[in-house]
Every structure is written in C-alpha cells, then in structure tokens.
Engineer: 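Take a look at the following structure, please.
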Amino acid sequence: MHRLNAWLRRHPMVVDAAWASIVLFLGLLPDSNLPDSGWRLDSAILVAVLLPLLMVFRRRFPDVTVAAATGVAVGQVAADIDPGASSIAYLVFAYTGAAFGQKWTSRLALLAGLAAGPLVFWRMHLVKTSTDHTGIYVSRPYGLGEAVLITLLMSTPFILCWAWGRLTRVRRAYLTELEDRAARLERERDAQSKVAVAAERARIARELHDVVAHNVSVMIVQADGAAYVLDNSPAQAKEALGTIASTGRQALVEMRRLLGVLRTADTAEEYVPQPGVEELPDLLEQVRTAGLAVDYATSGHPRELPRGVELTVYRIVQEALTNVRKHGGPDAHARVAVDFGERELAVLVEDDGRGSTDEQLTAGGADGLGHGLIGMRERVGMVSGSLDVGPRPGGGFRIRAVLPLKAAH
C-alpha cells in the first residue's frame, strides 16, 4: 500500500484521469431535464466531455485548465444550459486554482466561485410555489432576503473548495520549508564535521611538530657529543648512541599514535593518549641526558587537571626546552616552575643563555619558521589562557603561560 501511494503521488495524472472518468460517466447519463435533440443537447454533451478532459491535466497545467473551465462555465451560463452531474468538476477547479495555480489563477477561482451562486440563480429564474386562499398552487419569485440566502448557499461549496485548496498550498509550502531546513541542517552538520576534522588534523600537525622538534634536537645533540668523545671515551659515545636510539624509538611511537588517527574514517571523534604534567619529570630527565641542565619546581596543591590543560603544559615545556637547546648556547641553564593556583595554573620556563633576537622571534631563526611559538599561542588560546614570551632581564629567554582552570572545565 505504501508503494502504491508513493507511485500515485509520482503520477498525479493517473489519479486525475480516474476521477475524470467518473465525472464523464455521470455527465453522460440520460437527464430528463435535457431535450432529446437539438443544439442545447449537443452543447450539454460537449460540456460533459470538456470538463473531465480538463480535469486530467489540471495539476500539470493548473493556470490553463482553471481559465478554460471558467470560460466553459461562462459559456454554459450564457447558453442557458442547465447544470448537470458534470458540473461537480467546477468545484475541483476552484480547489485547483487555490492549491496549484499562480496568484492570478487563485483570485480567478475565488471570483468565479463567488459569482457562481448569483449567476445560476439568475439564469435558472428560481421561483417558489405556494397555495393561495383558494387552494390553487401558484409560483412567486423569491424575496430579496431569500434570494441572497440561496445564492450564498450555492456559492458556499465553491468557497469551501477554494479554502481547502489554500490550506493545501500552505501545508505544502510548510512541508517544503521543513525539507529545506532539514537539508540545510544536514549541510551545516557536514560542514561542522569537516571543520572539526580540519581542527583535529591541525592539532595533530602541532603534536607532530613538537614531537619531531624535541626528539630530533635531542638526537642531534647526542650525535654531536658521541662524535666528539668517540676516540677518547668510547663508553660515553656508546651511552650517547643508546640515548639516540631510545629517543628515536620514542619519537616513532608518538608519531605512530598521531598518524594512526589520520588513517581513521572519522578523525574528529577519535583521540589518542597524550602526555600531561605527570610526565614532565621524564621529559626533564631526557633533556638532562641530552646535556641541558634543568631545575624543576612545583608549588601549590597538585591535582588532576583537564586533559587539554595537561597536554598544553607538557607541550609548552617541551617546546621551550627545545628552543633553549637550539638558541641558548652550550652553557645555558634552564628552570621550569609549575604553580597550581586555585583558579589558574602558571607555567614558567626561563634560561640564562644568550636568548633570541627580535628576528628570531618573528621568523624563527635560521633553522625554523617560528612554528613553535605559534603553536604555543594556539594551544594557550584553546584553553582561554595567556602567553608571555620575550627576553629575560639579565640575559636569557623567558616563557610564561597562565591557564585558567575554571574556564578549562
């Protein structure tokens, strides 16, 4: 049944043709009110055939069929042809003009419906019969009030059909609006999904930058140290090579975790385990092994933090220490301090090396493009924090980030 209804909705002419055949059958039935022959009978048959024929095409060509049906009605009234069973088609065209036609077609259907009652009353010369005081039946014309009431009753079916057509048009427009809105929401949802995927890929790109920059920097330092002591101290060279190998393996593990997200079908909804504040001692030990002296201190009451804040703290410290090794010089000393406040978390990374020039801050130096500091600002901005970077009084460089904990929650 559902498939049948769907097929009929896709082929409205089939439904209209079925109804038109019924109207045609009723219109061609013998009528005692019509003459047996003559032009009036031929005209009545012509009307009985034209109206069902127009009904077949009423939804494909609503404006043309409604206008043609109105012309047939005017001709029927002018020729003084009594309405027959096929005249029910005029109600269908009143509905069609309001439901499917243009604005002028709807107005034409309304005016024709309003005029139908008075015109029929006028052409049929309706009279009422009653008995006089002698008991003889006589015919008298209706009074004005009675005539108005009868014409209104004759026009009422047309007005009701026209109103039904208007309701159908409004309901169809409402359903179309709902479908458009659903399609628009679906497009917006797809767009938001794509934005989320792009944001996640950008996050992974920042993670890869931090991982590669940190670990490769450690490996370069260790390789330089191993080459320097290879002849005089093979044991130290072997230890440096071991550090290079372990650092490389760690970098590969992190890169596989991150790149594994890119291979999934729905990137925006998948996350990988990320380091946090509790992994900072391991990070600092790795940096010390690479030859950079680092002091670490915490204050306040350490507690569990949102994962976004945890990762931001870890990456800021990692990138800052990488910059110290790159720009601080051979004898630089760094200090890392994490302060757990009630409403915010402060991270301070400073060194006493030679620092960075303004050109290095804006262009990233000779071996970079400044992506490290850009990544820091983006990470801090994601958790509604603030970042202060610049030369340290007395020499060196200083990075301080303040991350609001309430806003992060």
Side-chain angles (χ1 to χ4, degrees), residues 16 19-20 22-35 39-56 58-59 62-101 103-131 137-170:
D16 293 336
W19 287 110
I22 297 175
V23 174
L24 177 63
F25 173 76
L26 296 176
L28 295 179
L29 287 178
D31 190 351
S32 60
N33 294 327
L34 293 176
W39 69 270
R40 196 180 299 275
L41 176 62
D42 296 337
S43 300
I45 294 176
L46 180 61
V47 171
V49 173
L50 281 178
L51 292 179
L53 182 62
L54 293 174
M55 284 182 60
V56 176
R58 67 182 184 89
R59 276 191 274 190
D63 301 324
V64 175
T65 54
V66 171
T70 304
V72 172
V74 173
Q76 185 175 356
V77 173
D80 198 14
I81 300 174
D82 293 337
S86 60
S87 297
I88 195 174
Y90 293 126
L91 299 176
V92 177
F93 289 111
Y95 168 86
T96 301
F100 305 104
K103 184 178 294 185
W104 69 267
T105 307
S106 178
R107 292 176 178 175
L108 176 63
L110 177 60
L111 292 176
L114 291 174
L119 287 176
V120 173
F121 183 85
W122 171 63
R123 293 304 297 174
M124 294 182 68
H125 307 289
L126 295 178
V127 293
K128 64 178 180 178
T129 59
S130 61
T131 57
Y137 285 96
V138 295
S139 298
R140 294 189 179 90
Y142 286 99
L144 179 60
E146 294 174 322
V148 171
L149 179 60
I150 292 175
T151 55
L152 289 178
L153 291 177
M154 288 183 175
S155 297
T156 297
F158 295 93
I159 304 306
L160 291 178
C161 290
W162 183 88
W164 185 16
R166 289 297 298 177
L167 290 176
T168 302
R169 178 189 288 271
V170 171

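Numbers for residues simply follow the sequence, beginning at 1.
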Engineer: Locate the shortest heavy-atom distance separating S87 from Q76; write the atom from each residue and the value.
Structural biologist: OG-NE2, 3.9 Å
Engineer: Only counting residues at least two apart or in another chain, list the ones meeting side chain to side chain contact (heavy atoms under 4.5 Å, CB included) with A48.
Structural biologist: L28, S86
Engineer: Rounded to the nearest 0.5 Å, how far apart are CG of L26 and CD1 of I88?
Structural biologist: 8.0 Å
Engineer: Under the salt bridge (Lys or Arg N to Asp or Glu O under 4.0 Å) rule, collect the residues that match up with R59, sequence neighbours excluded.
Structural biologist: D16
Engineer: Using only heavy-atom distances, determine whether the side chains of R58 and T65 contain a donor-acceptor pair under 3.5 Å.
Structural biologist: no
Engineer: For Y90, which residues count as a ring-ring contact (aromatic ring centres under 6.0 Å, His included) partner, sequence neighbours excluded?
Structural biologist: none
Engineer: When the side chains of residues 147-165 are checked against the rest of the protein, which donor-acceptor pairs come out under 3.5 Å, sequence neighbours left out?
Structural biologist:
| residue | atom | partner | partner atom | Å |
| --- | --- | --- | --- | --- |
| T151 | OG1 | A147 | O | 3.1 |
| T151 | OG1 | V148 | O | 2.7 |
| S155 | OG | G113 | O | 3.4 |
| S155 | OG | L114 | O | 3.2 |
| S155 | OG | G117 | N | 3.1 |
| S155 | OG | T151 | O | 3.2 |
| T156 | OG1 | L152 | O | 2.6 |
| W162 | NE1 | S106 | O | 3.0 |
| W162 | NE1 | S106 | OG | 3.3 |

Engineer: Not counting sequence neighbours, which residues clear side chain to side chain donor-acceptor pair (under 3.5 Å) with T105? List them please.
Structural biologist: D63
Engineer: Take T168 and Y95, measure what side-chain contact (heavy atoms from CB on, under 4.5 Å) needs, and give me the verdict at the end.
Structural biologist: CA-CA 9 Å; T168 302; Y95 168 86; 3.3 Å; yes
Engineer: So, using side chain to side chain contact (heavy atoms under 4.5 Å, CB included) as the criterion, who are the partners of A20 when residues are at least two apart?
Structural biologist: P52, M55, V56
Engineer: Using modelled atom types and a 3.5 Å cut-off, is there a donor and acceptor pairing between side-chain atoms of R166 and backbone atoms of A99?
Structural biologist: no
